K.L.:
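Can you read through this structure? Questions will come right after.
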Protein chains: 2
Amino acid sequence: MAAWSERLAGVRGVLLDISGVLYDGGEGGGAAIAGSVEAVARLKRSRLKVRFCTNESQKSRVDLVGLLRRLGFDVSEGEVTAPAPAACLILKQRGLRPHLLVHDDAGEGFSYRNMNKAFQVLMELENPVLFSLGKGRYYKETSGLMLDVGPYMKALEYACGIKAEVVGKPSPEFFKSALQEMGVEAHEAVMIGDDIVGDVGGAQRYGMRALQVRTGKFSPQRRASRRAQMSQQTKIDPLQGGLCGAADILMLSAKPRAPLPSALWEDVWKKMSRRSFFSRPFRLKLRGLNTGSKRSYK
Amino acid sequence: MAAWSERLAGVRGVLLDISGVLYDGGEGGGAAIAGSVEAVARLKRSRLKVRFCTNESQKSRVDLVGLLRRLGFDVSEGEVTAPAPAACLILKQRGLRPHLLVHDDAGEGFSYRNMNKAFQVLMELENPVLFSLGKGRYYKETSGLMLDVGPYMKALEYACGIKAEVVGKPSPEFFKSALQEMGVEAHEAVMIGDDIVGDVGGAQRYGMRALQVRTGKFSPQRRASRRAQMSQQTKIDPLQGGLCGAADILMLSAKPRAPLPSALWEDVWKKMSRRSFFSRPFRLKLRGLNTGSKRSYK
């Protein structure tokens with residue numbers, strides 16, 4: 001398999017999934033995943049552009065960003081691409097009157113009564129339209145795996161004999177809007193997530209690169225069984241850790257236009273244990289190594 | 001299209017769906033569908049064998065039969081094939097320990113909490129097994145259409161990446177057991193139901209004939225759109241009414257081994273408006289018409 005530096009060559013922007021990558025939800029809001037607060041900070045200090053790309057539909061962007069900031073993350077509302085604002089835009093553009101099913105108290109809101117109401121509304125329409133904010137199968141909270149919105153989308157699709165329009169990952173439109181907001185082309189971007197379908201598969205189909213972290217809902221067994229059901233086109237990189245490790249690899253690999261000499265890689269790994277790679281003194285030292293183009297290591 | 005007498009030639013047994021054919025559920029237990037109490041009585045007085053074949057999983061057979069009897073139907077527990085006893089048998093045969101999801105208080109029991117519990121149990125198993133008692137999309141109560149168990153089966157299938165085993169219509173095993181209990185071969189039986197997939201499609205795939213009544217959840221628009229999604233092998237007979245009309249056609253068409261002469265048909269239709277076709281005096285009169293074999297019109 002090609003080296004990281006080759007596989008991530010030319011990457012200028014990083015899209016970060018939130019749940020399962022930055023934090024696991026749960027009681028009291030949840031908990032940051034080890035190393036992820038520092039990894040976000042390091043990525044943002046680097047020359048890579050960073051944006052957050054989430055399918056979160058239980059919290060508004062304001063509430064989500066508030067929670068993340070309380071957990072220690074450096075993130076602002078303007079840096080988050082989420083499906084609810086995207087869905088609002090579509091509703092306005094098409095002049096649709098929404099019957100909202102997903103709101104603040106989902107999942108408990110996914111009661112039989114509410115699902116049946118949504119079903120009855122759809123069945124009464126001549127041309128029923130169902131939007132689903134993402135189609136994730138499940139996500140991880142600190143207490144365990146939790147059903148995501150995807151199974152409920154499938155339930156309504158089956159009951160009504162219709163196909164939902166997905167707003168959120170892995171919809172190409174959603175990745176497009178996140179990339180536009182970041183000002184980066186698909187081939188220059190990498191998606192980091194814990195979902196093999198929504199994050200990795202979706203991003204790759206849109207022409208981006210993707211890394212699956214081994215945090216959140218990741219499990220090697222589930223990935224293997226899921227992999228067997230998926231398109232053979234989805235490529236899986238053998239990332240070993242969480243966002244912390246992904247950030248290391250990205251900052252080492254993404255910026256250079258030419259691969260780093262292997263001697264330099266060793267030097268870099270040693271130094272990484274002592275200080276932040278792209279802090280100023282270290283960057284200056286790298287420049288002094290005369291590895292080709294100054295610009296490559298800025 | 002061939003005449004009813006040809007299409008139903010050789011039929012010796014009738015499987016009757018219950019919900020949407022005999023009655024519509026709802027407040028206070030629901031209401032019998034117009035003409036269905038009398039139609040069941042007439043079918044049972046005929047020489048046709050009659051059995052009830054339901055996917056009901058919210059009531060035990062005792063409760064279901066109790067309700068039907070209160071609504072005026074002549075039915076006993078031993079005449080009902082239902083998925084819960086069939087599922088019990090499978091669980092015993094395979095030595096499985098069930099985690100029941102469907103019980104007395106479903107649908108409200110289909111809460112997010114219960115669905116998530118079922119999902120978590122399945123995800124923890126190395127070889128998860130999910131049984132679904134039927135896979136109906138929806139059924140009709142007096143108050144309107146209601147989500148059936150099928151959408152929830154699809155939700156768990158999608159969430160866990162598994163395929164449920166359906167106990168109930170349209171499973172071939174289920175039709176087989178109903179027919180065995182009735183002592184009739186598939187090619188000698190007709191299924192009467194309101195569900196184009198579970199009743200009509202399932203029965204036809206098992207080699208039976210099938211009639212879709214225009215009661216319960218039937219709707220011409222929905223049938224047309226559903227038909228377009230279905231296998232082209234599912235044949236739809238142009239039945240106009242409910243069980244009442246189906247019983248008339250069956251008793252006229254099913255028993256004779258040779259088609260009735262058209263003059264006799266006209267006579268029969270006239271008499272049907274005045275009295276029950278297979279009542280004794282009328283049967284005696286038919287015998288006197290010398291239409292070939294006495295046995296044909298018994």
Side-chain angles (χ1 to χ4, degrees), chain A residues 58 102 105-128 132 135-141 143-164 196-197 217 219 221-230, chain B residues 58 102 105-128 132 135-141 143-164 196-197 217 219 221-230:
Chain A
Q58 281 183 262
V102 180
D105 66 356
E108 287 303 322
F110 281 107
S111 63
Y112 181 81
R113 188 183 299 264
N114 281 340
M115 284 293 286
N116 204 48
K117 212 184 290 174
F119 159 71
Q120 288 177 339
V121 165
L122 287 167
M123 290 297 275
E124 279 162 19
L125 298 173
E126 199 176 344
N127 295 307
S132 185
K135 61 172 195 175
R137 302 191 303 144
Y138 54 84
Y139 60 98
K140 186 167 170 270
E141 290 208 340
S143 60
L145 297 181
M146 306 292 285
L147 282 176
D148 202 344
V149 71
Y152 287 96
M153 175 195 84
K154 287 285 171 187
L156 288 174
E157 283 187 342
Y158 178 72
C160 305
I162 59 174
K163 188 89 187 140
I196 185 76
V197 178
K217 66 185 148 191
S219 120
Q221 294 78 29
R222 283 197 290 269
R223 179 162 81 170
S225 78
R226 193 68 187 155
R227 183 68 185 78
Q229 300 164 23
M230 290 178 65
Chain B
Q58 281 183 263
V102 181
D105 66 356
E108 287 302 324
F110 281 108
S111 63
Y112 181 81
R113 188 183 299 263
N114 281 340
M115 284 292 285
N116 205 47
K117 213 184 290 174
F119 159 71
Q120 288 177 338
V121 165
L122 288 167
M123 291 296 275
E124 278 162 18
L125 297 173
E126 198 176 345
N127 296 306
S132 184
K135 62 171 195 176
R137 301 191 304 144
Y138 52 85
Y139 60 97
K140 186 168 171 268
E141 289 210 340
S143 60
L145 298 181
M146 307 292 284
L147 281 176
D148 203 343
V149 71
Y152 288 96
M153 174 195 84
K154 287 286 171 188
L156 288 174
E157 283 187 341
Y158 178 73
C160 305
I162 58 174
K163 188 89 186 139
I196 186 75
V197 178
K217 65 183 149 192
S219 122
Q221 294 77 26
R222 284 197 289 268
R223 179 161 80 170
S225 78
R226 192 71 187 152
R227 184 69 184 78
Q229 300 164 24
M230 289 179 66

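Chain naming here is simple, since letters A, B, ... match the order of the sequence lines and numbering starts at 1 in each. Please read all numbers here as calculations on a predicted model, not as lab measurements.
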K.L.:
Heavy-atom pairs under 4.5 Å with chain A - which of M153(B), M146(B), E157(B) has more of them than the others?
P.N.:
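So the answer, after comparing M153(B), M146(B), E157(B), is M146(B).
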
K.L.:
List the atom of L147(B), the atom of F119(A), and the distance in Å for their closest heavy-atom pair.
P.N.:
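Closest approach of L147(B) to F119(A), heavy atoms only: CD2-CG, 3.5 Å.
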
K.L.:
Distance check, rounded to the nearest 0.5 Å: M123(A) atom CE versus K217(B) atom NZ?
P.N.:
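Interatomic distance, M123(A) CE to K217(B) NZ, rounded to 0.5 Å: 9.5 Å.
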
K.L.:
Which pair of heavy atoms, one from N116(B) and one from L145(A), lies closest together, and at what distance?
P.N.:
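Reported closest heavy-atom pair: ND2-O, 3.8 Å.
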
K.L.:
Can you tell me how far the OH atom of Y158(A) sits from the OH atom of Y152(B), to the nearest 0.5 Å?
P.N.:
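If I round to the nearest 0.5 Å, the distance is 14.0 Å.
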
